[in-house]
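Each remark here refers to the structure printed beneath this line.
Please read these numbers as outputs of a predicted model, since none were measured by experiment. The first residue in the sequence is number 1, and the count goes up from there. In what follows, every heavy atom counts, from backbone to side chain, and hydrogens, waters and symmetry copies are set aside.
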Amino acid sequence: MPERITFPIETPAGPRTASLMYERRGAGEPLLLLHGIGHHWQAWEPVLDILAADRDVIAVDLPGFGASDELPPGCPYDLSTVGGVLAAFCGAVGVERPHVAGNSLGGLLALQLGREKRVRSVTALSPAGFWSEGERRYAFATLRAMRGAARSLPVPAIERLSRTSAGRTVLTSTIYARPGRRSPEAARAETLALRGATGFRQTLAAGGNVRFREDVASVPVTVAWGSRDRLLLPRQGVRAKHTIPGARLVRLPGCGHVPMNDDPALVARVILDGSAR
């Protein structure tokens with residue numbers, strides 16, 4: 001069952017507390033899982049039990065997403081601040097330098113943690129930050145449209161759409177290549193998570209000038225990209241490889257922007273291989 005933990009953090013306004021929700025399963029070397037903007041820890045549900053057979057898996061709701069609280073007032077949602085909160089979270093749950101895997105925003109945060117030498121290895125699935133300015137504007141406009149649609153749809157309409165394959169395509173086809181595979185319960189829950197994400201606006205605003213331009217040479221890095229990613233186009237994976245020459249670049253055939261549901265076995269294998277390097 002998910003748990004909530006409250007722990008101290010340092011902010012520009014002085015010491016404060018953060019409160020995050022997380023799910024923990026399995027045993028072995030620790031593996032931290034970070035979701036994308038507007039999502040929640042349940043994005044990892046299709047691969048959690050596979051990973052938990054070999055790892056102590058900790059899937060966390062990022063600040064201002066899922067069931068986690070917003071950051072304290074005056075606390076920015078930039079990479080270094082959220083990275084520091086995640087490092088403090090790891091200490092609070094008794095984990096030192098875990099492996100980390102992240103998707104989209106979570107992939108960018110995973111790379112930031114790798115750059116700061118806070119983790120043992122990084123697996124980034126379609127990470128943000130390797131876009132051109134035009135690609136960034138397109139992605140942000142798409143995300144805002146998704147958020148607007150989730151907020152404008154009445155909850156009964158979301159529930160009705162989630163019950164059919166065609167309806168789930170309407171709700172989730174931007175991020176999944178195979179939206180019909182998503183369960184009705186999951187499609188409904190993640191649409192409501194996007195609708196209620198209190199950190200969405202601040203996180204998107206903080207990402208406006210983000211470009212990941214530095215190598216991550218201190219830990220093993222795997223970058224994986226879905227061949228059918230409609231949000232962050234697959235060519236951005238080539239830029240990531242140029243930026244991080246030592247990274248292993250993996251193609252995920254037939255997968256969309258959030259690949260864990262499109263091909264759980266492949267994604268789990270990529271993460272386990274990345275954390276074994």
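Inter-residue side-chain proximity for N103 and L34 is flagged as unmet; no heavy-atom pair is nearer than 4.5 Å. By the 4.5 Å heavy-atom criterion applied to side chains, L125 and W225 are not counted as neighbours. Residues Q112 and V216 have side chains not in contact (no heavy-atom distance under 4.5 Å, counting atoms from C-beta outward). In this structure, the side chains of V210 and R136 stay at 4.5 Å or more apart for every pair of heavy atoms. Side-chain contact between L105 and P127 is absent, with no heavy atoms from C-beta onward closer than 4.5 Å. At a threshold of 4.5 Å between non-hydrogen side-chain atoms, the residues L231 and L143 count as touching. Considering only heavy atoms from C-beta on, V250 stays 4.5 Å or farther from V223 through its side chain. L32 has its side chain out of reach of V119: every pair of non-hydrogen atoms, C-beta onward, lies at least 4.5 Å apart.
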Check: Step by step, would you call D273 with V270 a side-chain contact (heavy atoms from CB on, under 4.5 Å)?
Finding: CA-CA 5 Å; D273 287 349; V270 168; 5.9 Å; no
Checklist line | Derivation of the side-chain contact (heavy atoms from CB on, under 4.5 Å) call for T243 and D215 | finding: CA-CA 6 Å; T243 303; D215 193 7; 6.0 Å; no
Next item on the list: For side-chain contact (heavy atoms from CB on, under 4.5 Å), just list the numbers for V57 and E23, CA-CA rounded to whole Å, side-chain angles, deciding distance to a tenth of an Å, and then say yes or no.
Entry: CA-CA 8 Å; V57 182; E23 171 78 357; over 6 Å; no
Checklist line | Check against side-chain contact (heavy atoms from CB on, under 4.5 Å), I37 and M146 | finding: CA-CA 11 Å; I37 187 170; M146 292 172 60; over 6 Å; no
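The residue from L33, T222, V100 that alone fulfils the side chain to side chain contact (heavy atoms under 4.5 Å, CB included) condition with T123 is T222.
Taking all atoms of both residues into account, the shortest heavy-atom contact from A268 to I50 is CB-CG2, 3.6 Å. Taking every heavy atom of both residues into account, L20 and L62 meet most closely at CD2-C, 4.4 Å. The two residues V267 and P259 have their closest heavy-atom pair at CG2-O, 3.5 Å. Contact record, C255 with D263: SG-CB, 3.6 Å, taken as the closest heavy-atom pair. When every heavy atom of G38 is checked against every heavy atom of A197, the shortest pair comes out as CA-CB, 4.4 Å. Heavy atoms only, all atoms of each residue included: G226 and P234 are closest at O-CG, 3.4 Å.
Between R160 atom CZ and L153 atom CG the span is 9.5 Å, to the nearest 0.5 Å. The structure places CD of Q42 at 11.0 Å from OG of S183, a figure rounded to the nearest 0.5 Å. Here I271 contributes atom CD1 and S121 contributes atom OG; the two are 10.0 Å apart, rounded to the nearest 0.5 Å. Taking CG of L272 as the start and CD of E29 as the end, the distance is 11.0 Å to the nearest 0.5 Å. Between the CD1 atom of I158 and the CG atom of L161 there is a distance of 8.0 Å, given to the nearest 0.5 Å. Here the OG1 atom belonging to T191 is positioned 9.5 Å from the CZ atom belonging to R182, to the nearest 0.5 angstrom.
The ring-ring contact (aromatic ring centres under 6.0 Å, His included) analysis of residues 85-109, with sequence neighbours excluded, yields the pairs Y22-F89. Listed by first and then second residue, the salt bridge (charged side-chain N to carboxylate O under 4.0 Å, His left out) pairs that reach into residues 149-159 are E159-R188, sequence neighbours excluded. Pairs engaging residues 72-95 under the side-chain hydrogen bond (donor to acceptor under 3.5 Å, both in side chains) rule: D78-S80, D78-T81 [sequence neighbours left out]. Within the structure, side-chain hydrogen bond (donor to acceptor under 3.5 Å, both in side chains) pairs that include any residue of residues 44-66 comprise R24-D56, R25-E45, R25-D49, R55-S275 (at least two apart or interchain). Counting only residues at least two apart or on different chains, no side-chain hydrogen bond (donor to acceptor under 3.5 Å, both in side chains) pair has a member in residues 7-18. A ring-ring contact (aromatic ring centres under 6.0 Å, His included) check over residues 109-137, counting only residues at least two apart or in different chains, returns the pairs F130-F212, W131-F140.
A donor-acceptor contact shorter than 3.5 Å links the side chain of S218 to the backbone of G114. Here the side chain of R178 pairs a donor or acceptor atom with the backbone of D262 at under 3.5 angstrom.
M21 and V85 are assigned to two separate hydrophobic clusters, defined by single-linkage of ILVMFWY side chains at heavy-atom distances under 4.5 Å. There is no path of hydrophobic side-chain contacts, each under 4.5 Å, that joins L108 to Y138. A continuous path of hydrophobic side-chain contacts links V82 to L204 [ILVMFWY only; heavy atoms under 4.5 Å]. When the side chains of ILVMFWY residues are joined at heavy-atom separations under 4.5 Å, either directly or via intervening members, L192 and V258 end up in two distinct hydrophobic clusters. By the rule that hydrophobic residues join a cluster once side-chain heavy atoms approach within less than 4.5 Å of another member, L233 and L249 end up as members of separate clusters.
The side chain to side chain donor-acceptor pair (under 3.5 Å) test applied to S162 returns no partner, not counting sequence neighbours. Under the salt bridge (charged side-chain N to carboxylate O under 4.0 Å, His left out) criterion, R118 pairs with E116, not counting sequence neighbours. Qualifying side chain to side chain contact (heavy atoms under 4.5 Å, CB included) partners for P179, counting only residues two or more places apart in sequence or in other chains: T169, T172, S173, Y176. With sequence neighbours left out, D69 forms a salt bridge (charged side-chain N to carboxylate O under 4.0 Å, His left out) with R4. Judged as a side chain to side chain donor-acceptor pair (under 3.5 Å), and not counting sequence neighbours, R230 has no contacts. Annotation: side chain to side chain donor-acceptor pair (under 3.5 Å) contacts of R195 (sequence neighbours excluded): none.
A salt bridge does not link R168 with E190: every distance from a Lys NZ or Arg NE/NH1/NH2 to an Asp or Glu carboxylate oxygen is 4.0 Å or more.
With 3.5 Å as the limit, one finds no donor-acceptor pair spanning the side chains of Q236 and R239. Residues S104 and H257 have side chains that bring a donor and an acceptor to within less than 3.5 angstrom of each other.
Around the CD atom of E133, the shell of radius 6.0 Å holds more than 12 heavy atoms that belong to other residues, nucleotides or ligands.
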